[in-house]
Amino acid sequence: MAKKIHPALETVLASEEQIRERVRELAAELTRVYGSEEVTIISIINGAILFTADLMRLLPNPIRLDCIRISSYRSATRSEGVPKVLQSFQLDVAGRHVLLIDDILDTGKTLALVRQMIRVMNPASLRTCVLLDKKERREVDIEADFAGFSIPNKFVVGYGLDFDERYRNIPCIGVLKPELQTPGAPAVC
Ligand code: IMP
Ligand code: MG
């Protein structure tokens with residue numbers, strides 16, 4: 001029987017099973033690249049929380065984890081210009097193999113900003129990994145070293161991604177219904 005689609009979603013772009021499978025593939029790629037090296041993960045929160053949690057527990061290497069909180073969207077579905085660091089990571093990254101993780105690469109401003117913050121601290125290596133890549137919206141010249149799914153220019157929620165802090169707990173990734181994409185819209189569950 002077909003699974004019922006969450007009422008906030010117009011369409012599903014990646015089902016729970018598809019995400020699980022793709023995360024497994026990404027973990028295998030990362031394992032090939034890093035071998036048994038220790039990896040310092042910097043996760044851009046809140047959006048990358050679920051992706052980071054699922055990905056890192058599939059990695060056999062020693063892992064250090066820290067997070068950086070960035071604001072870019074607040075309650076709108078469009079980027080508000082310059083992303084702001086609300087809370088930075090604390091771990092030292094100098095001389096470390098750093099893997100920067102985000103939920104989605106959109107205009108590229110967020111990933112470019114955090115990548116530069118880490119780069120000036122002289123890590124041994126620095127790679128980027130995103131679950132979703134919205135190539136059409138790119139404003140900054142940046143590509144992720146590892147990307148889960150390439151998606152069209154639609155506003156998506158679920159699996160950590162939100163609209164106005166809602167819908168992060170939807171287990172799949174889907175396009176948010178247009179009528180729910182306005183600040184003050186009711187929460188649908
Ligand atoms: P960028 O700086 O424009 O690349 O934006 C990246 C950030 O914007 C991501 O970390 C997400 O938090 C957020 N974002 C971009 N597109 C979407 C979307 O379709 N749904 C939810 N959040 C998004
Ligand atoms: Mg984010």
Side-chain angles (χ1 to χ4, degrees), residues 5-6 8-15 18-19 22-23 26 41-55 65-89 98-119 126-185 187-189:
I5 183 167
H6 188 285
L9 302 179
E10 193 177 62
T11 49
V12 171
L13 295 185
S15 68
Q18 287 167 328
I19 295 170
R22 191 67 189 115
V23 171
L26 287 171
I41 290 177
I42 304 290
S43 176
I44 302 179
I45 58 173
N46 294 327
I49 282 185
L50 274 68
F51 177 42
T52 304
D54 285 345
L55 184 66
L65 171 70
D66 205 347
C67 299
I68 180 167
R69 187 182 294 274
I70 305 276
S71 91
S72 48
Y73 271 84
R74 295 181 189 278
S75 60
T77 53
R78 296 244 156 230
S79 180
E80 287 177 349
V82 190
K84 224 170 79 193
V85 179
L86 299 182
Q87 195 182 349
S88 192
F89 53 89
V98 178
L99 180 64
L100 175 58
I101 300 183
D102 203 1
D103 52 359
I104 183 166
L105 182 51
D106 188 33
T107 65
K109 291 178 195 168
T110 303
L111 204 65
L113 171 77
V114 183
R115 189 178 65 169
Q116 187 55 21
M117 284 173 66
I118 298 170
R119 199 175 262 166
L126 174 54
R127 295 184 176 91
T128 52
C129 178
V130 297
L131 181 67
L132 305 173
D133 186 359
K134 236 192 242 179
K135 283 191 192 303
E136 263 178 73
R137 292 248 311 146
R138 203 77 88 250
E139 291 175 25
V140 178
D141 184 20
I142 185 169
E143 291 305 329
D145 296 298
F146 307 91
F149 302 93
S150 208
I151 63 162
N153 184 9
K154 304 268 185 187
F155 193 83
V156 296
V157 294
Y159 196 67
L161 291 108
D162 72 307
F163 171 73
D164 211 2
E165 293 306 323
R166 289 174 182 146
Y167 310 121
R168 294 193 197 274
N169 58 321
I170 296 176
C172 65
I173 293 162
V175 177
L176 183 63
K177 283 181 176 165
E179 64 269 28
L180 299 177
Q181 292 187 22
T182 49
V188 170
C189 61

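For ligands, and for the atoms within them, numbers begin at 1 and follow the listed sequence.
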Under 4.0 Å from a heavy atom of T107: which atoms of ligand 1 are those, numbered in the order shown and with their elements? 1 (P), 2 (O), 3 (O), 4 (O)
List the steps and the verdict of side-chain contact (heavy atoms from CB on, under 4.5 Å) for I173 and L131. CA-CA 10 Å; I173 293 162; L131 181 67; 3.4 Å; yes
Report yes or no: does K134 have a heavy atom closer than 4.0 Å to ligand 1? yes
Using heavy-atom distances, let me know which of G158, A112, G108 sits nearest atom 4 (O) of ligand 1. G108
Under 4.0 Å from ligand 1, counting heavy atoms only, is it the side chain of R137, its backbone, both or neither? neither
Is the closest heavy atom of L111 to ligand 1 under 4.0 Å? no
Which segment of L161 sits under 4.0 Å of ligand 1 when only heavy atoms are counted: side chain
Contact check, side chains of I70 and D102, non-hydrogen atoms, under 4.5 Å: no
Around atom NZ of K177, are there more than 12 heavy atoms from other residues, nucleotides or ligands closer than 6.0 Å? yes
Once rounded to the nearest 0.5 Å, what's the spacing between atom CZ of R22 and atom CG of L132? 11.0 Å
Which residue from T110, D103, I173 reaches closest to atom 9 (C) of ligand 1 through any of its heavy atoms? D103
Among D103, L111, L26, I101, exactly one meets side chain to side chain contact (heavy atoms under 4.5 Å, CB included) together with V130. Which residue is that? L111
Using a 4.0 Å cut-off to any heavy atom of D162, which atoms of ligand 1 qualify? 21 (C)
Are E10 and P178 close enough that some pair of their side-chain heavy atoms sits under 4.5 Å apart? yes
Going by heavy atoms in the side chains, are Y167 and L9 under 4.5 Å from each other? no
With atom 21 (C) of ligand 1 as the reference point, say which of V156, I104, V82, I142 has the nearest heavy atom. V156
Those atoms of ligand 1 less than 4.0 Å from some heavy atom in K154: 19 (O)
